[in-house]
Amino acid sequence: TAGNLILTGGGNANTTVNVATNTTLNISTASASLGSLTGSGNVVLNGKTLTLTNATDTFSGVISGAGNFSVAGGVEKLSGNNNYTGNTTISSGATLNVSGSLGNGSYAGKVGNDGTLIYSGSQDQTLSGVISGVGQITKTNASSTNALILTGANTYTGNLSIQDDAGTVSVRGSGVL
């Protein structure tokens, strides 16, 4: 059913939250923490930060708004066309698998990656914000015709991996690879 869930105050739900189709999760607190995120609805960040502490799911909906998204633990897969404009953080030991897109294919937010960032989407994805940290970036089994394009002044020191005919990684920024 349609509806809205608004997180205020402490904004913590240390469990999996299923945001169903035609439902919106509004983050209305400075620090919202969920165990994991699943479903196909909408998440609106409202200039706030959403942190997943024990991610184990796929979210096929859309995360939008000015605000930050963080995976502090576990593995979260984003398969929707997300258009939030804040920063993305992946903590040590955590994984964010993007099989949809960030910024509808052109994401300008900073990526702090001390874990693993996997891009497995079927469209070109540009990351123009600075990528920092010691984590791994992997481009995998999406399409041999798409590209992951890194244009920021990146400072990360982790590994870059292209797996199994997974297309192209293009580095166009002034940073390190």
Side-chain angles (χ1 to χ4, degrees), residues 11-12 27 29-37 43-59 62-142 146-163 166-177:
N12 295 321
I27 309 301
T29 184
S31 176
S33 177
L34 306 177
S36 193
L37 182 65
V43 175
V44 181
L45 297 176
N46 293 313
K48 310 302 182 197
T49 298
L50 172 61
T51 300
L52 303 181
T53 59
N54 189 24
T56 58
D57 293 295
T58 297
F59 181 67
V62 175
I63 301 173
S64 64
N68 304 311
F69 180 72
S70 176
V71 181
V75 178
E76 185 71 20
K77 186 173 190 177
L78 298 180
S79 62
N81 291 319
N82 300 286
N83 58 27
Y84 66 94
T85 57
N87 299 324
T88 301
T89 303
I90 307 160
S91 296
S92 178
T95 299
L96 175 60
N97 182 341
V98 179
S99 65
S101 68
L102 297 177
N104 289 322
S106 183
Y107 180 62
K110 295 176 183 176
V111 177
N113 181 18
D114 285 327
T116 301
L117 172 63
I118 299 171
Y119 180 67
S120 61
S122 61
Q123 66 184 25
D124 288 354
Q125 175 69 62
T126 299
L127 301 176
S128 60
V130 172
I131 302 172
S132 62
V134 297
Q136 166 127 351
I137 297 174
T138 300
K139 177 149 183 343
T140 188
N141 65 358
N146 73 342
L148 176 60
I149 304 161
L150 309 177
T151 63
N154 300 314
T155 60
Y156 83 97
T157 57
N159 294 322
L160 173 65
S161 172
I162 304 170
Q163 298 178 352
T168 304
V169 174
S170 175
V171 179
R172 301 179 185 168
S174 60
V176 298
L177 175 66

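Values below: every heavy atom of this structure, side chains too, minus hydrogens, waters and symmetry copies.
- Across Thr53 and Ser33, no two heavy atoms sit closer than the pair CG2-OG, 3.2 Å.
- Here the straight-line distance linking atom OG1 of Thr138 with atom CG of Asn97 works out to 9.5 Å at 0.5 Å rounding.
- When all heavy atoms of Thr140 and Gln163 are compared, the pair lying nearest together is OG1-OE1, 3.2 Å.
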Extract all donor-acceptor atom pairs below 3.5 Å that involve side chains of residues 63-81 and protein atoms in other chains or at least two apart in sequence.
unit_1 : atom_1 : unit_2 : atom_2 : d
Asn68  : OD1    : Asn87  : N      : 2.7
Asn68  : ND2    : Thr49  : OG1    : 3.2
Glu76  : OE1    : Ser36  : OG     : 3.2
Asn81  : OD1    : Ser101 : OG     : 3.0

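- Ser170 meets the side chain to side chain donor-acceptor pair (under 3.5 Å) test with Arg172; sequence neighbours excluded.
- Not counting sequence neighbours, Asn82 has no partner by the side chain to side chain donor-acceptor pair (under 3.5 Å) test.
- Here the closest non-hydrogen pair linking Tyr119 and Val98 is CD1-O, 3.4 Å.
- Listed by first and then second residue, the side-chain hydrogen bond (donor to acceptor under 3.5 Å, both in side chains) pairs that reach into residues 124-135 come to none, sequence neighbours excluded.
- Applying the side-chain hydrogen bond (donor to acceptor under 3.5 Å, both in side chains) definition to pairs two or more places apart or across chains, those involving residues 103-118 are Thr88-Tyr107.
- Counting only distance, with no hydrogens or angles, the side chain of Asn154 and the backbone of Ile131 share a donor-acceptor pair below 3.5 Å.
- The only member of Val111, Thr89, Ile118, Leu117 that meets side-chain contact (heavy atoms from CB on, under 4.5 Å) when paired with Leu96 is Leu117.
- Put simply, CG on Leu34 and CG on Asn54 are 11.5 Å apart, with the number rounded to the nearest 0.5 Å.
- In this structure, Tyr84 and Val62 have side chains that are not in contact, with every pair of non-hydrogen atoms separated by 4.5 Å or more.
- Summarising the geometry, atom CD1 belonging to Ile162 is positioned 11.0 Å from atom CD1 belonging to Ile137; distances are rounded to the nearest 0.5 Å.
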